[in-house]
Amino acid sequence: MKRPAMVSGTLLLSLLFAIVVFGPLAALIVAAGGDAGSDALLLLVPAGRRLSLFCESILLSGAVAATATLVGLCAASLLWEMRTGPGSRARWLLLVAAPVPAYLYAQAWMGVAGSSAPIPLWVPADAILSAWVQIGAFLPLCVGLSMLALASVPPPALEAARTVYPDIAVFRHVVLPLAAPALAACTALVFVLSVTDYSVPTLFSLNVYSLEIFAEFSATNDPARALFCAAPLLAVTIAVLFLAQGRVRDLLGGTGLCQRAPLPPVYPRWFVCLQTLACGIVLLHLAVLVVSLVLAAGLPAAVAGTVATAGPDIGTTFSTAVLAALCALPPAYGVAARMNGKNGRLLWLLCLAPLAIPSPLVGIGLIALCNTPAFPFLYGTAAMPVLASVARFAPFAALVIHAQLQHTDTLLIDAVRVFQSDPLAGWLRVRVPLIAPGLLAAGGIVFALSAGELGATLLVIPPGMETVTIRLYNYLHYGSSAAVAGLGLVMMAMMAAAGAAVAAGIARLGCRGGYAGVGRR
Amino acid sequence: MTIECRNLTKSFGRTRAVDGISFAADGHVVIIGPSGSGKTTLLRLIAGLEVPDAGSISFDGTPVSEPGWALHPQKRRISCVFQSPALWPHMTVSENIRFGMGDVPAGQARARMDDLMERAGIASLADRYPEARRASIVRALAHPARFILLDEPLQNLNEELKEEMFGLVLGCAEKNGTHLVYITHDMAEAEQIPGMVLSMNRGKLSGPDGGTGRM
Ligand SMILES: Nc1ncnc2c1ncn2[C@@H]1O[C@H](COP(=O)(O)OP(=O)(O)OP(=O)(O)O)[C@@H](O)[C@H]1O
Ligand SMILES: [Mg+2]
């Protein structure tokens, strides 16, 4: 019997995924294996100044991740109850804020503190300010993931407890334990994102370990040294993701977002205060972000001027991000489709692993890849930033598409196999529409993340080209100015467009399950 | 202990799941009716898990649900067997039953729990993670309640277990003086429960005497 053509199709796409996502790292490892000097090997084990920097970075990111998850959970527990009325829609607007890059928050808070001093005097330490800004930047993500975590608690278990206990006890004994794995996954993810990000700390003149990787490569131009320098960080991030991976899987696979609206819970006053405070922190960060950028940007005419000068950069950013999104989707789909089959677990791990790779390493690896005989023609072309973004963010797309496939009723696809003899029609009329929200969400996420990508792009962008993010980042070091704010607004508009697409996609993705789980696997 | 529903109405979007139901019962209540006729919704209204759009519910003459307001389920002194087992997946079977008893003192709880688990034949499942429908019934029986609300509690049990569990439920109700609100598709079961029979169709009471049968 002939095997369905799809199988080989997804296999090819998965191979493509592996090459694009892991090619840079593989090239880096090969290059490093070739010329590892003994002093380079010393970098593998941090000691002295590097050791204390390493520990500080991990502590800082741990604190950021724990606090952001906690605040996110408290806020989510309030927002999650808003199932009807305007609140139920407004909460998904947070998704729009999720991809806004952290350095824009940094810039906004610098604006609040006064444009003359990048480090305001009323803050005890640059570490605290840096952590505060990172927390703010990750909060929309944490609130979103916490809402998914709360959604993963089966409503019957919840209602059964409500007939016996007051709501706060139900929250403590049933909701929290059941949501805990997902919350742990959220903490792990934020930790990894925070520890690999150096844009915010450097803006507050704080040295962190991930900057060390970048600095090492800039100083020596030696990929081996960069890789060895990154190794300890890689070990930690991979370990954290590995511990959390099963949880992320549950989080994406097992939730139905549209559940019957139950009675709103009645919580004691202290808990309501906590929830309100958490929501206040989320709103404060968003308000500071928007208001301070708008104020600093000045009159619309000034913004228009900034936009006009940055015109080519905006074009570059937009086309790079769109291309990255388009290129990421097919290989991501290929991997996602195979995740439920044989070796699904391995594929799943392979998708999570790239999240652990610090962004400069992807850039350095891509350069190393171009130094191999296979892809010399890529070096110095506009394809490099696109490839860098695909390498970094295609795994996100695969995870989102996988979640969508999990939520899609496989019976509907079986039915089209039975009733529809024309495979193309089956694809266009049933399969694509069924997973369209997921594709849209995945594309939107890759677009937004690519537009804000800095660490890898900075290394691979060809001379004479510039993205808005790079221009912004260069400006930022000279303090807050109207031009930076204007560009920041442009970035946010791009993010908002992408975020709106994601929000629309996810809202539909969630509701397709419908009442009583009809349509879910 | 009486339940009184007056003109009770609940809609979901355009579906009128429960449509103007009135009855008063001092004793067991059996609810029958075809699939989708609103039985579960009526039970959830009585449990306080849904708020009525119109009409009211009172227990022993005290209002517990009114349009836009419902007394918290925990304060109603009820217990439930849900249509799905609804066990807490992170607790073992005995933890489920113990946790379901609320603030019953430890010593008393232990004896009651052991006795019920023994009689339901699930003592050997005590340390297992939830899988048994019987556990959800025992959990409801163990809770000190004045009404036990049961939504097709015996579905998916084999004939022998059905009979055993049915006897256990009726026996406990009798012993503790608890009243049952019992949804079933099985006429034989319905006939064995003394009390009022509500026959529902499309959200309304149907049949002779406006759907309220023998008392
Ligand atoms: N939360 C809800 N959202 C939307 N519609 C609902 C909801 N709950 C119930 N319904 C609808 O209300 C009607 C009555 O449902 P209900 O579950 O009360 O019926 P039932 O008599 O218990 O059926 P069954 O015997 O199948 O359990 C159905 O049409 C159902 O689709
Ligand atoms: Mg029902």
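We name chains A, B, ... by the order of the sequence lines, and we start the count at 1 in each one.
Per-residue counts of heavy-atom pairs under 4.5 Å with chain B were compared for A161(A), P265(A), A169(A); the largest is that of A161(A).
Ring orientation note: the planes of H28(B) and H179(B) are nearly perpendicular, at an angle over 60° on the 30°/60° scale.
Annotation for R112(B): atom CZ counts as buried by contact number, over 12 foreign heavy atoms lying within 6.0 Å. E163(B) CD: 12 or fewer foreign heavy atoms inside a 6.0 Å radius.
The CZ atom of F171(A) sits 6.5 Å away from the CG atom of L150(A) when rounded to the nearest 0.5 Å.
At a heavy-atom cut-off of under 4.5 Å, chain A is reached by I78(B), C80(B), F82(B), S84(B) from residues 75-85 of chain B, listed in order of number.
For E164(B) and R134(B), the salt-bridge test fails: no basic side-chain N is under 4.0 Å from an acidic carboxylate O.
Taking the side-chain hydrogen bond (donor to acceptor under 3.5 Å, both in side chains) definition, one finds that N201(B) meets it with nothing, sequence neighbours left out.
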